[in-house]
Amino acid sequence: MSARRGLDVSVLRIYLFLGFETGFGRGQNMGTKDKPDISALTPAQAAAELESLARQLSVANEAYHTLDAPQIDDATYDALKSRNALLEKMFPDLKRPDSPSEQVGAPVNETFGKVTHAVRMMSLANAFEDDDISEFDERVRKYLGLPSDAALSFTAEPKIDGLSLTLRYEDGQLTQAATRGDGEVGEDVTANAKTITDVPSYLAGMDGIVEVRGEVYMAHSDFAALNARQTSENRKPFANPRNAAAGSLRQLDPAITQSRPLRFFAYSWGELTTPLADTQFGAIVRLSELGFSTNPLTKRCSSPAELIAHYRSIEQQRATLGYDIDGVVYKLDDLPLQTRMGFRSTTPRWAIAHKFPAEKAWTRLESIEIQVGRTGALSPVARLTPVTVGGVVVSNATLHNEDYIAGKDSKGSEIRSGKDIREGDWVQIYRAGDVIPKVADVDVAKRDESALPFEFPTHCPDCGSDALREPGDAVRRCSGGMICPAQAMERLKHFVGRGAFDIEGLGARQIEQFYVDDHLPIHEPSQIFTLGRRDAGNLTKLANREGYGAKSAENLFTGIEARRHIPMRRLLFGLGIRHVGEAAARLIARHYGNWSAFVAAMDLAALEPAFQETATSKEVLTKSPAFAELLAIDGVGAVMATSLVAAFAQGNERTLIDRLCSELTIEDEAAVDESQSPVAGKTVVFTGTLEKLTRAEAKARAEALGAKVSGSVSAKTNILVAGPGAGSKAKKAAELGIETLDEDGWLELIGG
DNA sequence: GTGCCTCGAGTTCC
DNA sequence: CTCGAGGCAC
């Protein structure tokens with residue numbers, strides 16, 4: 001949407017924007033400000049502008065991928081590239097060797113090497129209320145099977161607002177430093193980390209691997225001095241210490257990092273040849289002995305009450321600490337117990353971050369806009385007069401749905417004391433979880449007398465179809481389905497997204513362009529794979545298009561071809577069927593194994609009277625064999641099953657799917673690799689009393705090894721683990737001839 | 001039927 | 001990151 005409309009206006013905006021923000025683009029471009037008439041440019045002017053554009057785009061590219069630089073919106077970026085392409089067309093001789101048109105988008109951090117973490121860098125679950133802390137304590141006890149009066153210690157330490165860094169030492173020598181990245185893969189910043197004085201380059205007497213983790217941050221005083229320097233050197237000051245630290249660590253030239261006053265607190269570790277200690281607190285002490293800075297406010301506490309008391313104490317000292325913190329982290333002190341508890345998908349079970357109340361700011365709500373999502377959901381978004389909240393400029397805030405605007409939550413109870421939100425209102429904004437901007441409060445006294453309650457649209461703003469709300473559903477949805485352009489485009493974006501087809505060179509921005517392209521349109525997924533054929537017979541080839549060069553066009557086609565072979569689960573997820581996400585797609589693909597078997601099953605199910613009567617009760621569906629197979633998959637229920645079958649029933653959507661599949665080679669889903677663990681793919685039932693593990697623990701471990709844990713014994717059960725006191729289940733297992741183990745036998749099988 | 005827990009969907013800013 | 005919905009265990 002952003003690009004092809006109104007080039008003139010956009011270009012005008014760029015010059016104002018970039019000229020102001022970066023100090024670039026002033027002077028030589030002023031002549032083009034009113035109306036950039038290219039034919040009137042002299043070659044010298046054009047060359048100067050091309051040079052300027054190359055610089056601006058390189059700044060923009062960098063800004064897009066680093067946290068410290070100013071932000072440039074997509075429309076501006078697109079317009080910059082268009083202007084560049086236009087100039088290059090008019091003055092081909094002046095095309096620069098570093099021409100921005102030779103690159104599609106920005107190179108993804110090509111400048112830093114990637115590092116795959118030996119041990120994943122997790123994030124933390126959050127808590128906001130005191131009650132959450134007692135609940136955390138209870139959860140830990142329950143998981144470990146400890147009575148509520150058993151002694152249990154936790155550590156409490158300030159949560160530093162910086163960026164996490166992991167330092168790898170081999171035989172005492174610092175060999176690698178990496179940022180967190182997505183937790184799996186980070187960036188190699190070794191040279192930069194070595195310039196930080198708090199980071200020891202050698203650890204005496206530490207043979208083998210020692211991986212120390214902690215937070216890089218900038219103290220308030222250093223930040224103020226740095227910003228003074230930035231200003232005096234005519235550079236843009238940093239918005240906050242966190243951004244300054246992030247920007248400083250990610251400098252290409254280590255000499256610049258060295259000149260920046262970065263500090264480091266160690267608080268955790270990754271891979272270790274030998275353990276540091278047997279408690280969290282002990283490990284911190286050990287890290288301090290090894291020469292690391294550790295936070296002096298780290299304390300061992302023996303009850304939730306003591307944790308909260310320490311939280312209050314830290315909160316009171318917050319302003320005088322000299323560095324930014326955004327909460328207090330609690331960790332289970334006993335390390336063997338930490339190991340027993342393990343991890344959820346992205347967070348450890350044995351730690352929690354108690355966050356300080358979010359910063360809030362008042363601003364004006366200029367308008368309410370309705371966005372249409374891929375499932376047709378109409379989502380209201382508040383356009384705000386930009387305001388700084390917690391060091392970041394916020395100009396949009398989510399309004400969830402029509403009830404939220406009206407002052408009610410999903411259960412019908414009041415939020416914001418029942419105050420509704422109207423266009424023009426003064427609203428208080430906070431960033432939930434320090435990220436998502438939301439409306440905390442409305443100042444009704446300041447409301448204009450003529451302001452009317454917001455009328456939520458009953459029709460799709462994009463295609464005009466009825467927007468309907470199912471009973472009991474919080475969202476209103478466009479009923480246009482396949483005919484709604486907004487939905488179609490969002491579905492395409494989902495299709496090329498991560499976890500689905502993930503096509504290199506074809507992201508959301510490119511989808512928006514191709515969607516409105518007259519010569520090479522992409523309106524449905526199959527057209528992505530016919531793009532190459534269509535381009536071949538096209539006079540206005542992609543390679544000659546604005547924003548593309550021969551090389552970038554070729555790269556795009558290579559990216560598309562690479563995905564013509566696609567794993568079944570990616571295809572299933574990419575189709576964007578309601579209720580079928582990444583996890584469900586994987587489960588289903590794994591169950592059916594190959595695409596034709598799956599589609600045959602869907603066809604069969606669509607013929608079932610139970611489906612044609614649109615009955616969705618599980619009881620009715622389970623009676624039909626075709627549905628029974630779907631519903632037998634762990635994690636698939638009646639809603640998901642009907643949604644799937646409906647998508648594959650003959651009709652427009654199915655035609656689209658078939659057209660797509662005819663372009664693809666769909667890879668069968670490999671059965672669970674049973675060689676990796678002795679219980680992979682097996683169904684296990686636990687019964688009786690377990691003495692060495694709790695139920696939750698046993699289940700989590702078995703699942704981690706690829707087993708499915710069930711509650712009752714059936715013909716599908718492979719292994720029964722029976723502790724003392726096992727009754728009917730053991731008997732039934734014996735009758736069915738199922739392998740039965742005691743707890744020790746089980747532990748032996750899975751290797752401890 | 002109720003209460004967890006996980007997943008899906010939507011959103012913002014970088 | 002959060003909320004709601006779906007799935008499942010109790």
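Order of the sequence lines sets the chain letters (A, B, ...), proteins ahead of strands, with each chain counted from 1. Model, not experiment: these values are computed from the prediction.
- A sub-4.0 Å separation between OP1 or OP2 of B/dC13 and a side-chain N or O of A/Asn396 is present.
- Each of C/dG7, B/dG8, B/dT12 was ranked by its minimum atom distance to the side chain of A/Met640; first place goes to C/dG7.
- For B/dG8, the OP1/OP2 oxygens have no side-chain nitrogen or oxygen of A/His579 closer than 4.0 Å.
- Atom NE2 in A/His400 sits roughly 20 Å away from atom P in B/dG8 (whole-Å rounding).
- Rounded to a whole Å, the CG atom of A/Leu163 is 21 Å from the P atom of B/dC13.
- For A/Thr375 and B/dG10, the shortest distance from a side-chain N or O to OP1 or OP2 is below 4.0 Å.
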Applying ring-ring contact (aromatic ring centres under 6.0 Å, His included), run through A/His494 and A/Phe573 and close with a yes or a no. CA-CA 9 Å; A/His494 170 79; A/Phe573 174 58; 4.7 Å; yes
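- The nearest whole Å value for the distance from the CZ atom in A/Arg349 to the C1' atom in B/dT6 is 12 Å.
- Each of C/dC3, B/dG8, C/dC1 was ranked by its minimum atom distance to the side chain of A/Ile436; first place goes to C/dC1.
- Here the nucleotide nearest the side chain of A/Gln371, chosen from B/dT12, C/dA5, B/dA9, is B/dT12.
- Nearest to the side-chain atoms of A/Arg374 among the listed nucleotides B/dC7, B/dT12, B/dG10 stands B/dG10.
- Residue A/Gly376 is the one, among A/Gly376 and A/Val394, whose nearest nucleotide of DNA chain B lies closer to the 5' end (criterion: closest heavy atom).
- Put simply, the side chain of A/Lys493 reaches to within 4.5 Å of the side chain of A/Glu512, judged on heavy atoms.
- Just one of A/Glu369, A/Glu423, A/Glu366 meets the salt bridge (charged side-chain N to carboxylate O under 4.0 Å, His left out) condition when paired with A/Arg383; it is A/Glu369.
- Of the candidates C/dC1, B/dC13, B/dG8, C/dC1 carries the atom nearest the A/Asn126 side chain, counting heavy atoms from C-beta on.
- Heavy atoms of A/Val381 sit under 4.0 angstrom from primed sugar atoms or phosphate atoms, though from no base atom.
- The distance between atom NZ of A/Lys493 and atom P of B/dA9, rounded to the nearest whole Å, is 17 Å.
- The NZ atom of A/Lys408 sits 17 Å away from the C1' atom of C/dG4 (whole-angstrom rounding).
- Closest to the side chain of A/Val639, from the set B/dG10, B/dC7, C/dG6, is C/dG6.
- Checking the phosphate oxygens (OP1, OP2) of C/dC1, no side-chain nitrogen or oxygen of A/Arg431 falls inside 4.0 Å.
- The side chain of A/Ser395 sits closest to B/dC13 out of C/dA5, B/dC13, B/dT12.
- As a whole-Å value, the separation of A/Arg491 CZ from B/dA9 C1' is 14 Å.
- Across the protein-nucleic acid pair, A/Glu470 atom CD and C/dA5 atom P stand 12 Å apart, rounded to whole Å.
- Salt bridge present: A/Arg469 and A/Asp403 bring a charged side-chain N and a carboxylate O closer than 4.0 Å.
- Atom-to-atom, CD of A/Glu490 to C1' of B/dG10 comes out at 10 Å; the value is rounded to the nearest Å.
- The side chain to side chain donor-acceptor pair (under 3.5 Å) pairs that include a residue from residues 570-582 of chain A number zero, where partners must be two or more places apart or lie in different chains.
- The side chain to side chain contact (heavy atoms under 4.5 Å, CB included) search around A/Asp137 returns A/Arg141, A/Leu152, A/Phe154, A/Pro304, not counting sequence neighbours.
- The shortest distance between the side-chain N/O atoms of A/Lys438 and the OP1/OP2 oxygens of C/dC3 is below 4.0 Å.
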